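The structure's right below; bear with me while I get my questions together.
Bear in mind the structure is a predicted one, so any value in this text is a computation, not a measurement.
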Amino acid sequence: MIDYNKELNEQQLAAVKADPGPILVIAGAGSGKTRTLTYRVAYLIENGLPPDRLLLLTFTNKAAKEMLHRVSGLMPLDASKIWGGTFHSVANRILRRHAKAIGYDSSYAILDREDSKDMIATCIPEAGIDVKDKRFPKADVLVEIFSLSVNTERTVAQIVEQQYSHLGDVAEQASAVKKFFTMRKRAANAMDYDDLLFNLLRLLREHPDAAEIYGRQFLSILVDEYQDTNRIQSDIVDLLAARHKNVMVVGDDAQSIYSWRGANFRNIMEFPKRYPGARVFKIEQNYRSTPQILGLANEAIAANVNQFVKNLQAVRQDGLKPQVVPVMNASEQATFVATEMLELRDQGISLNDMAVLYRSHFHSMELQMELTRRNIPFHITSGLRFFEQAHIKDVCAYLKLAVNPCDELAFKRIALMMPKVGGVTVAKLWRKIQPVSHTPAPENPVGAAVSGDLRFGDTVPQNPVESAPAPPAPDYLAILDQVPKPAQKEWKQFAETIKQLRAPAATDHPSEMIRMVLEAGYEAYLKTKFENYTARREDLEQLASFAARFDKTDEFLGELALMTNVEKESSQEVAGDDREVVRLSTVHQAKGQEFAAVFVIWLTDGSFPNTRAMESVEGEEEERRLFYVAVTRAKDELYLIHPQLRLSFGFGDSFQKPSRFLLEISKKMYEKREVDYA
């Protein structure tokens with residue numbers, strides 16, 4: 001027998017030993033949620049529930065395996081008998097048994113993301129869409145739209161209107177592609193990941209006999225991270241629990257931060273309404289953070305109206321007060337963070353136990369550069385390093401080619417963005433341009449001019465020792481007939497763009513050149529190529545703001561080249577040994593993590609909270625929950641940093657207000673830190 005009184009605190013014990021029925025467990029940050037779920041599974045089995053009559057739903061297979069492994073360590077049990085796993089894995093297990101009822105063979109294939117993209121690409125022409133007429137979203141974007149449509153039980157048109165408004169003029173065509181995609185999957189006896197949930201819901205709704213089988217099978221249902229469930233997942237749980245209502249859902253409404261990918265905040269908030277008589281247990285004892293950090297966290301979330309009010313209570317002893325740090329600008333912010341990291345390391349805190357958190361990936365650009373300069377190794381958990389991202393490289397390719405028409409790699413990168421232009425075609429096009437653009441500058445330009453061999457422009461240096469003038473851009477329109485017809489419109493735009501970028505008025509203004517590239521067609525390409533268009537557009541605005549510091553485009557490109565090379569060397573070194581590394585992450589991807597010292601940067605209105613989120617009460621409250629998640633990642637030390645000036649794309653320096661989330665916290669909860677690196 002397990003001694004539950006010894007192993008659990010009073011709040012955890014109450015939830016673990018609760019009588020059957022609908023139960024909502026609000027488990028605050030760092031309160032031992034996994035421990036509570038694990039002991040609940042053990043308690044149910046110890047009190048007579050057959051393991052195969054228990055369903056444990058999690059968001060990752062790793063989480064399910066960890067919990068079942070812990071249960072096996074508590075009692076002699078074959079944990080494989082428990083139905084435990086992700087929503088998708090459980091759906092697949094059930095559908096294999098009942099595929100024929102919904103028109104599939106039990107041997108159906110499961111498409112991964114790449115398979116789905118390839119199939120969608122074939123459906124676009126089948127739907128009668130002429131991609132040559134106007135830009136149409138790439139398969140990558142359509143995959144995301146169709147997935148959101150399924151998981152939120154909304155139409156494609158609704159998803160486009162609400163989350164992809166820049167694609168509003170193709171919503172009807174996208175809906176047509178989805179119909180063809182659905183038919184093709186059915187004909188191929190295949191399902192994608194979203195179909196697993198959709199078809200399980202269909203099975204339970206349209207076949208009462210199947211719903212009855214599993215309603216009787218699962219005498220108890222446990223759901224982890226319930227605040228992250230979407231509409232279709234909550235509907236599946238409700239149908240499986242319809243017979244006995246014996247369902248326990250565990251989560252934290254204050255950590256519901258994924259609405260943008262389909263999570264439905266109302267699922268957890270309305271659970272007591274959907275299950276009348278449901279009991280609500282709160283687990284508020286926090287084992288992670290100091291009382292000072294938790295005090296600030298409690299105040300940080302207090303302004304939200306839609307929440308289950310809770311008060312995190314520290315188990316640990318007193319520590320340092322969090323620090324609010326006003327800095328002049330992004331550069332000073334990066335300097336402060338890097339300097340403080342080195343001081344903390346001297347005090348005995350490993351770099352591995354430090355993290356920098358931010359609202360959006362582009363917020364980390366200056367910091368990445370500062371850490372690289374100081375040789376402080378770091379790991380990006382929010383994606384690629386800033387300058388390694390495709391859209392950054394794409395735009396920089398235009399600038400490189402404008403500065404140096406001999407740049408073969410830049411030319412090929414741009415050409416490959418065009419329709420029907422592949423590796424073979426782009427090589428042929430380059431060979432057509434190569435006789436001009438690849439001719440090396442003559443060692444004796446005067447002699448070359450006399451002999452008629454000088455190919456670079458008309459100007460001949462008076463001093464033969466001086467270098468030859470920069471080569472003019474090739475006449476790209478001269479080989480238009482060699483370009484595939486679907487790409488000729490883009491090719492003409494490309495030729496005109498390079499001509500404009502090489503004009504004297506633009507060539508030494510890299511920030512203006514980036515704006516010109518966006519306006520000349522790259523922004524339209526972004527909208528149809530990438531599902532996260534808005535975030536990538538913000539990245540490019542940040543790049544343009546950074547470029548405004550440079551008087552010469554070649555100096556700007558040189559700085560990027562040096563940074564990229566150092567980054568690659570650093571990445572290779574870190575991957576090859578066990579050195580300490582600082583973590584840089586968006587708050588979204590840091591959820592579930594904890595660190596001794598946490599730096600939250602760019603805490604200004606418009607950055608954190610995000611400007612678009614502030615347009616609605618729901619959006620602002622989710623941003624506040626995101627701030628709460630950031631704060632509760634810290635165990636010992638917390639730094640909240642807000643720059644007072646920001647170099648804005650096209651507007652110069654602009655004053656930044658501290659985040660409203662900082663202003664909502666009473667001054668007694670933190671210390672203000674003054675820095676001056678002048």
Side-chain angles (χ1 to χ4, degrees), residues 323 325 327-389 392-393 396 538-539 542-543 545-547 549-550 556 558-587 589-590 593 595-604 607-608 630 633-634 636-643 646-647 673 675-677:
Q323 295 188 15
V325 189
V327 292
M328 183 60 66
N329 51 32
S331 178
E332 191 170 275
Q333 177 175 246
T335 300
F336 169 76
V337 172
T339 301
E340 197 69 16
M341 282 177 174
L342 294 176
E343 290 184 8
L344 290 174
R345 191 171 185 275
D346 287 342
Q347 296 169 19
I349 299 177
S350 167
L351 293 179
N352 291 331
D353 217 4
M354 300 181 204
V356 182
L357 306 182
Y358 34 84
R359 174 62 179 84
S360 300
H361 186 40
F362 70 85
H363 290 158
S364 68
M365 186 184 76
E366 289 90 349
L367 180 60
Q368 289 186 44
M369 298 178 69
E370 183 67 19
L371 295 178
T372 301
R373 290 191 189 104
R374 295 193 184 211
N375 199 29
I376 300 175
F378 60 92
H379 175 70
I380 304 284
T381 57
S382 55
L384 292 172
R385 294 182 177 222
F386 188 84
F387 300 113
E388 295 174 356
Q389 299 175 100
I392 301 296
K393 289 185 173 183
C396 287
E538 289 175 340
D539 284 349
Q542 189 74 3
L543 181 70
S545 296
F546 173 68
R549 305 175 187 177
F550 295 85
F556 166 68
E559 178 74 7
L560 296 196
L562 290 173
M563 290 297 303
T564 303
N565 287 333
V566 172
E567 283 182 351
K568 288 180 178 178
E569 292 169 6
S570 175
S571 298
Q572 292 166 356
E573 289 173 5
V574 171
D577 60 34
D578 297 323
R579 288 196 306 164
E580 300 173 29
V581 290
V582 172
R583 302 288 164 175
L584 308 187
S585 176
T586 61
V587 183
Q589 292 190 308
Q593 305 294 311
F595 305 91
V598 169
F599 301 82
V600 187
I601 62 175
W602 275 112
L603 280 167
T604 62
S607 294
F608 197 169
R633 298 311 95 199
D636 303 318
E637 301 200 31
L638 175 64
Y639 301 84
L640 306 173
I641 311 165
H642 64 95
R646 178 180 178 182
L647 186 59
R673 173 86 169 268
V675 298
D676 183 7
Y677 295 108

Smallest separation among heavy atoms of T586 and S360, with atom names: CG2-C, 4.4 Å

Inter-residue atom distance I641.CD1 - T604.OG1, 0.5 Å rounding: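 So the CD1 of I641 and the OG1 of T604 are separated by 12.0 Å.
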
Worked check of side chain to side chain contact (heavy atoms under 4.5 Å, CB included) between M369 and E366: CA-CA 5 Å; M369 298 178 69; E366 289 90 349; 5.5 Å; no

R374/T335 under side chain to side chain contact (heavy atoms under 4.5 Å, CB included): CA gap, chis, key distance, verdict: CA-CA 10 Å; R374 295 193 184 211; T335 300; 3.6 Å; yes

Which residues share a side-chain hydrogen bond (donor to acceptor under 3.5 Å, both in side chains) with D539, sequence neighbours left out: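 D539 satisfies side-chain hydrogen bond (donor to acceptor under 3.5 Å, both in side chains) with H391 once adjacent residues are dropped.
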
Nearest heavy-atom neighbours spanning V600 and A630: CG2-CB, 4.1 Å

Aromatic plane relationship, Y639 with F599 - under 30° parallel, 30 to 60° tilted, over 60° perpendicular: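 Ring orientation of F599 relative to Y639: parallel.
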
Interatomic spacing from CD1 in I349 to CZ in F595 - rounded to 0.5 Å: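 Those atoms lie 13.0 Å apart.
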
side-chain hydrogen bond (donor to acceptor under 3.5 Å, both in side chains) partners for R345, two or more places apart: E580

Whether Y358 and H361 hold their rings parallel, tilted or perpendicular, with breakpoints at 30° and 60°: tilted

With E637 via salt bridge (Lys or Arg N to Asp or Glu O under 4.0 Å) - residues at least two apart: none

Backbone N/O of W602 and side chain of Q333: donor-acceptor pair under 3.5 Å: yes

Any side-chain heavy-atom pair of F556 and L543 under 4.5 Å: yes

Side chain proximity check, I380 to Q368, heavy atoms < 4.5 angstrom: yes

Chi angles and distances behind the side chain to side chain contact (heavy atoms under 4.5 Å, CB included) call for M341, V356: CA-CA 10 Å; M341 282 177 174; V356 182; 3.2 Å; yes

Distance in Å, F362 CZ paired with I392 CD1, rounded so as to fall on 0.5 Å steps: 11.0 Å

SB check E340 R673 (cutoff 4.0 Å): yes

Worked check of side chain to side chain contact (heavy atoms under 4.5 Å, CB included) between F378 and T372: CA-CA 8 Å; F378 60 92; T372 301; 3.5 Å; yes

Nearest heavy atoms of Q542 and R646, plus distance in Å: OE1-NH2, 3.5 Å

From OG (S607) to NE2 (H642), nearest 0.5 Å: 12.5 Å

From H363 atom NE2 to L584 atom CG, the distance as rounded to the nearest 0.5 Å: 14.0 Å

Shortest non-hydrogen contact between S585 and A590, atoms and distance: OG-N, 3.6 Å

Distance, nearest 0.5 Å, that separates CZ of R583 from CG of L357: 12.5 Å

